[in-house]
Amino acid sequence: NMTSKLLWASFILATLTFATPLSLHPDQQKVLLVSFDGFRWDYLYKVPTPHFHYVMKYGVHVKQVTNIFITKTYPNFYTLVTGLFAESHGIVSNDMFDPILNKSFSLDHMNIYDSEFWEEATPIWITNQRAGHTSGAAMWPGTDVKIHKSFPTHYMPYNESVSFEDRVDKIIEWFTSKEPINLGLLYWEDPDDMGHHLGPDSPLMGPVISDIDNKLGYLIKMLKKANLWNTLNLIITSDHGMTQCSENRIIELDQYLDKDHYILIDQSPVAAILPKEGKFDEVYEALAHAHPNLTVYKKEEIPERWHYRHNDRIQPIIAVADEGWYILQNKSDDFLLGSHGYDNALPEMHPMFLAHGPAFRNNFTKESMNSTDLYPLLCHLLNITAMPHNGSFQNVQDLLNSATPRTTPYMKSTTFLHGSIKPKEYEQEESYAYFIGVSLGSIIVIVFFVIFIKHLIHSQIPDLQDMQAEIAQPLLHA
Ligand SMILES: [Zn+2]
């Protein structure tokens with residue numbers, strides 16, 4: 001009958017009103033995420049970086065990004081695409097041992113391709129593809145690993161000899177193909193490689209940064225040529241910074257520990273120590289006050305702010321070096337002049353963050369964010385539902401052109417799974433979007449019924465079809 005049809009129409013209208021103004025235009029739902037490994041936030045000012053500054057001028061810039069502990073490459077790359085702390089996504093270091101799987105993970109070996117290490121989380125390319133979209137990845141860590149039985153729709157098997165230009169060309173090909181990707185992930189190894197070898201304080205780092213700026217210039221040029229510059233959202237960031245080390249600041253474990261009493265799983269600047277059976281107390285006591293620049297924690301005493309406790313791959317004892325100090329088992333082991341992995345509160349560990357595109361504000365600088373916040377931002381830009389994560393969309397919403405809260409409520413924090421307290425921000429975020437939705441919906445329903453009753457009063461024999469057309473169409477087009 002007429003009433004039920006009108007109720008149905010109001011329901012559809014209310015739904016449209018909830019959904020349409022709160023999400024981005026489909027043309028704006030494309031993201032290219034670029035990472036230059038080990039690009040410390042202040043490298044932007046080390047030498048002239050005109051291309052980075054061009055992005056900042058016409059886009060957004062976040063001065064301080066707090067990345068996650070430990071400030072190593074693989075843990076942070078997985079955070080960027082999952083929004084999770086290391087204890088929750090399971091990639092707790094570049095070198096790990098999982099006592100349950102009885103397997104090791106190391107960048108020096110092919111075992112990073114073991115799916116089991118990656119499957120405590122679901123990276124964004126998989127969620128994007130499950131939502132019916134396609135993704136493309138050029139060497140982004142983890143994108144050539146089969147995770148939950150999937151790869152990115154398009155990806156390049158890791159090969160460090162493939163040039164930056166070739167990686168860019170591939171990404172552009174995927175964005176402009178007949179079935180274009182909506183998510184691209186692009187990785188480059190420098191300035192991390194050179195930062196380790198030269199040390200970030202070396203004057204020779206100047207040309208390395210200039211070279212990265214030229215590479216960004218190539219990317220911008222090619223995006224413009226492909227008519228993508230103004231239509232896709234480009235985010236340029238990194239996994240961590242770098243600090244200067246010195247041969248005068250070495251902590252040699254052999255001076256304090258018997259080699260036969262423990263296994264060194266990860267070396268510096270966070271030594272992950274697995275004591276042999278029955279040797280825990282001996283190892284801990286020997287190391288606890290060994291060196292003034294080394295802080296030693298039993299697993300359960302690791303500071304809460306690092307969110308680095310609740311995972312089997314975190315070893316029973318960790319020893320964390322002060323900034324600029326280098327842990328070696330023996331002085332004859334390899335030593336590098338630049339290092340990272342230290343406390344994530346240290347500014348020198350922080351990466352840069354810039355973005356440009358239709359969704360982002362123009363010439364806007366923000367003081368700080370957490371690297372876990374990138375994930376909900378990406379999900380918003382791609383219009384996909386986020387998996388449980390440790391970030392906050394609310395914290396980075398001001399980077400966007402228009403305040404566009406999502407209607408899809410965020411799920412619980414994964415720290416909750418480990419018995420921590422659910423962060424408050426999530427609830428605020430949910431209730432804000434929910435409140436707007438309910439208010440708009442209620443107003444529409446009320447307005448609809450007022451118009452409906454007026455019509456009933458004014459017309460003796462209401463013609464149902466005419467009336468619906470008359471009422472529904474202007475509203476639908478509004
Ligand atoms: Zn790195």
Side-chain angles (χ1 to χ4, degrees), residues 33-44 46 64-82 84-86 89-96 105-109 112 117-118 123 137-145 158-160 162 164 167 185-202 205 208-209 211-212 215-216 235-245 266-270 272 308 320-321 323-324 326-327 334-344 346-354 370-372 374:
L33 179 60
V34 181
S35 174
F36 293 104
D37 199 315
F39 198 112
R40 199 168 80 188
W41 66 279
D42 60 342
Y43 283 177
L44 292 168
K46 210 174 172 69
Q64 289 295 320
V65 178
T66 302
N67 46 353
I68 59 128
F69 187 81
I70 63 174
T71 54
K72 289 270 187 178
T73 298
Y74 272 58
N76 272 282
F77 269 109
Y78 216 36
T79 294
L80 294 175
V81 294
T82 61
L84 294 166
F85 297 124
H89 66 50
I91 306 292
V92 304
S93 182
N94 291 348
D95 293 277
M96 306 187 276
F105 176 100
S106 168
L107 292 194
D108 300 331
H109 303 97
I112 68 146
F117 281 105
W118 300 86
M139 314 275 178
W140 187 278
T143 52
D144 58 349
V145 180
Y158 187 69
N159 178 355
E160 63 179 347
V162 175
F164 182 79
R167 299 179 198 192
L185 300 147
L186 173 61
Y187 171 79
W188 183 244
E189 287 81 354
D190 262 316
D192 182 75
D193 276 355
M194 293 310 283
H196 279 299
H197 289 104
L198 300 168
D201 292 353
S202 165
M205 279 305 285
V208 175
I209 306 305
D211 175 63
I212 303 289
K215 286 185 159 57
L216 177 59
I235 297 170
I236 307 163
T237 187
S238 184
D239 48 351
H240 54 75
M242 190 70 74
T243 201
Q244 186 70 37
C245 293
D266 195 14
Q267 193 166 272
S268 187
V270 180
Y308 199 76
V320 184
E323 186 169 26
Y326 208 102
I327 302 170
D334 286 345
F335 161 81
L336 294 166
L337 281 167
S339 188
H340 56 88
Y342 302 90
D343 188 345
N344 61 335
L346 296 165
E348 294 214 332
M349 290 301 103
H350 293 170
M352 49 114 180
F353 188 98
L354 317 173
N370 298 313
S371 66
T372 49
L374 174 63

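Residues take their numbers from the sequence shown, with the count starting at 1. Indexing begins at 1, ligand by ligand and atom by atom, following the structure's order.
- Of all heavy-atom pairs spanning His197 and Asp193, the tightest one is ND1-O, 2.8 Å.
- Checked against the 6.0 Å centroid criterion, the rings of Tyr326 and Phe335 qualify as a close aromatic pair.
- Each of Thr73, Asn76, Asn67 was scored for a side-chain hydrogen bond (donor to acceptor under 3.5 Å, both in side chains) with His240, with one residue passing: Thr73.
- In this structure, Phe36 has its ring center closer than 6.0 angstrom to the ring center of Phe164.
- Scanning for salt bridge (charged side-chain N to carboxylate O under 4.0 Å, His left out) contacts around Asp201 gives an empty result, with sequence neighbours left out.
- By the criterion of a separation under 2.8 Å, the protein N/O/S atoms near the Zn ion (ligand 1) amount to Asp37 OD1, Thr73 OG1, Asp239 OD2, His240 NE2.
- In this structure, Trp118 and Tyr78 have perpendicular ring planes: the angle between them is above 60°, well past the 30° mark.
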